[in-house]
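Here is the structure we will look at.
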Amino acid sequence: MSLAKSPQRPSPARPRSEDVKIERISIGEMARAFDVSLRTLRFYEDRGLLVPRRDGMTRLYANSDKARLDMILQAKQLGFTLTEIRDMLAGAEPRTETNRLHLKSEQIVAQIAHLERQRNEIDGAISVLRDAQADIDGRP
């Protein structure tokens with residue numbers, strides 16, 4: 001039995017964590033990229049929806065933060081509350097390549113029903129306002 005070591009294959013060089021450069025952008029660049037205000041980004045941070053890295057007083061956003069903000073804005077556009085959005089995002093980091101919301105069928109059905117109720121309320125309010133405008137203008 002030979003105790004000679006078998007030749008070792010060189011292992012591929014792995015970057016050390018301190019060698020990996022993650023592209024980060026400032027709060028101003030993030031706001032411009034998503035057409036939101038600085039105040040909005042700070043508000044989402046205060047609510048725990050975004051957690052940018054800090055370098056002193058400077059907020060720095062990584063690609064994962066961009067994906068998360070994209071999902072937050074999608075959910076807001078669909079009418080979800082910040083609490084509901086926080087629940088959606090909890091435990092599931094967004095995948096930067098898809099940025100899809102993680103919705104359950106029950107959430108979708110409930111949100112559709114909520115939006116339909118809102119639409120009915122808005123249609124009723126518009127009708128009342130049109131009638132009031134017609135009264136003011138003296139139209140039948």
Side-chain angles (χ1 to χ4, degrees):
M1 179 165 150
S2 170
L3 295 177
K5 291 184 177 183
S6 61
Q8 298 270 331
R9 282 185 269 173
S11 61
R14 285 185 170 167
R16 297 182 313 209
S17 61
E18 62 268 10
D19 293 338
V20 176
K21 297 287 185 196
I22 296 174
E23 181 184 336
R24 297 192 184 270
I25 61 173
S26 71
I27 190 170
E29 292 168 316
M30 184 80 148
R32 280 188 296 280
F34 286 90
D35 195 28
V36 297
S37 68
L38 301 177
R39 184 175 177 171
T40 296
L41 294 174
R42 291 183 192 115
F43 180 79
Y44 290 159
E45 182 181 354
D46 288 343
R47 296 297 181 264
L49 296 171
L50 291 174
V51 186
R53 192 177 129 231
R54 295 285 192 129
D55 184 10
M57 294 296 292
T58 304
R59 292 169 173 87
L60 298 171
Y61 296 88
N63 286 337
S64 60
D65 297 311
K66 293 177 199 175
R68 196 168 176 91
L69 179 58
D70 188 49
M71 292 175 66
I72 292 166
L73 296 175
Q74 285 178 46
K76 285 295 294 172
Q77 185 176 17
L78 293 174
F80 289 100
T81 67
L82 293 181
T83 301
E84 291 168 328
I85 294 169
R86 184 182 308 110
D87 292 343
M88 282 181 224
L89 296 175
E93 274 302 311
R95 293 170 288 170
T96 57
E97 63 274 3
T98 62
N99 294 354
R100 291 190 59 207
L101 293 173
H102 305 288
L103 298 173
K104 296 177 183 163
S105 179
E106 305 85 45
Q107 288 175 302
I108 294 169
V109 170
Q111 191 63 17
I112 289 170
H114 173 72
L115 292 172
E116 286 174 341
R117 281 190 305 274
Q118 283 184 326
R119 181 176 54 199
N120 290 336
E121 291 171 8
I122 290 168
D123 288 343
I126 289 170
S127 178
V128 168
L129 290 169
R130 284 190 175 138
D131 290 345
Q133 184 67 44
D135 288 346
I136 291 169
D137 293 344
R139 291 178 289 172

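Fair warning: this is a prediction, and the values are worked out from it, not measured in the lab.
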Practice problem: State which residue, out of N63, L60, D55, T58, fulfils the side-chain contact (heavy atoms from CB on, under 4.5 Å) condition with R24. | Solution: L60
Quiz prompt | Closest heavy-atom pair and its distance - A31, S37 | solution = CB-C, 4.3 Å
Self-check item: Donor-acceptor under 3.5 Å (E23 side chain, A62 main chain)
Solution: no
Quiz item: Can you hop from L38 to F43 via hydrophobic side chains spaced under 4.5 Å?
Solution: yes
Quiz item: Are Q133 and D137 close enough that a side-chain donor and a side-chain acceptor fall under 3.5 Å?
Solution: yes
Practice problem: Please round to the nearest 0.5 Å and tell me the distance separating atom CD of Q111 and atom CD of E106. | Solution: 13.5 Å
Quiz item: Between K66 and F34, is a side chain to side chain contact (heavy atoms under 4.5 Å, CB included) present by the stated rule, with each step listed?
Solution: CA-CA 9 Å; K66 293 177 199 175; F34 286 90; 4.0 Å; yes
Quiz item: How far apart are the C-alpha atoms of I126 and R130, what are their side-chain angles, what is the distance that settles it, and do they pass the side chain to side chain contact (heavy atoms under 4.5 Å, CB included) test?
Solution: CA-CA 6 Å; I126 289 170; R130 284 190 175 138; 3.5 Å; yes
Quiz item: What pair of heavy atoms forms the shortest contact from G48 to R68, and how long is it?
Solution: O-NH2, 4.5 Å
Practice problem: Would you sort out whether L69 and L41 count as a side chain to side chain contact (heavy atoms under 4.5 Å, CB included), showing the intermediate values? | Solution: CA-CA 9 Å; L69 179 58; L41 294 174; 3.6 Å; yes
Quiz prompt | Note, E84 side chain near Q107 side chain (heavy atom, < 4.5 Å) | solution = no
Exercise. Tell me, with the steps shown, if I27 and R42 meet side chain to side chain contact (heavy atoms under 4.5 Å, CB included).
Key: CA-CA 9 Å; I27 190 170; R42 291 183 192 115; 4.0 Å; yes
Self-check item: Which atom of P52 lies closest to which atom of Y61, heavy atoms considered
Solution: CB-CE2, 3.5 Å
Quiz prompt | Atom pair CG (L49) and OG1 (T40), whose distance is rounded to the nearest 0.5 Å | solution = 11.5 Å
Self-check item: Joint hydrophobic cluster, L82 plus L103, side-chain heavy atoms closer than 4.5 Å
Solution: yes
Quiz item: Which is it for N120 and E116 under the side chain to side chain donor-acceptor pair (under 3.5 Å) test, yes or no, and what are the steps along the way?
Solution: CA-CA 6 Å; N120 290 336; E116 286 174 341; over 6 Å; no
Quiz item: Less than 4.0 Å between a side-chain N and a carboxylate O, is that true for R54 and E45?
Solution: yes
Self-check item: From R59, R53, M30, residue fulfilling side-chain contact (heavy atoms from CB on, under 4.5 Å) relative to D65
Solution: M30
Quiz item: Quick one: CG on L73 to OH on Y44, what's the gap to the nearest 0.5 Å?
Solution: 5.5 Å
Exercise. Supply the atom-to-atom distance L78 CG to H114 NE2, rounded to the nearest 0.5 angstrom.
Key: 11.5 Å
Quiz item: Quick one: OG on S64 to CG on L50, what's the gap to the nearest 0.5 Å?
Solution: 9.5 Å
Quiz prompt | Euclidean distance, I112 CD1 relative to I108 CD1, rounded to 0.5 Å | solution = 7.0 Å
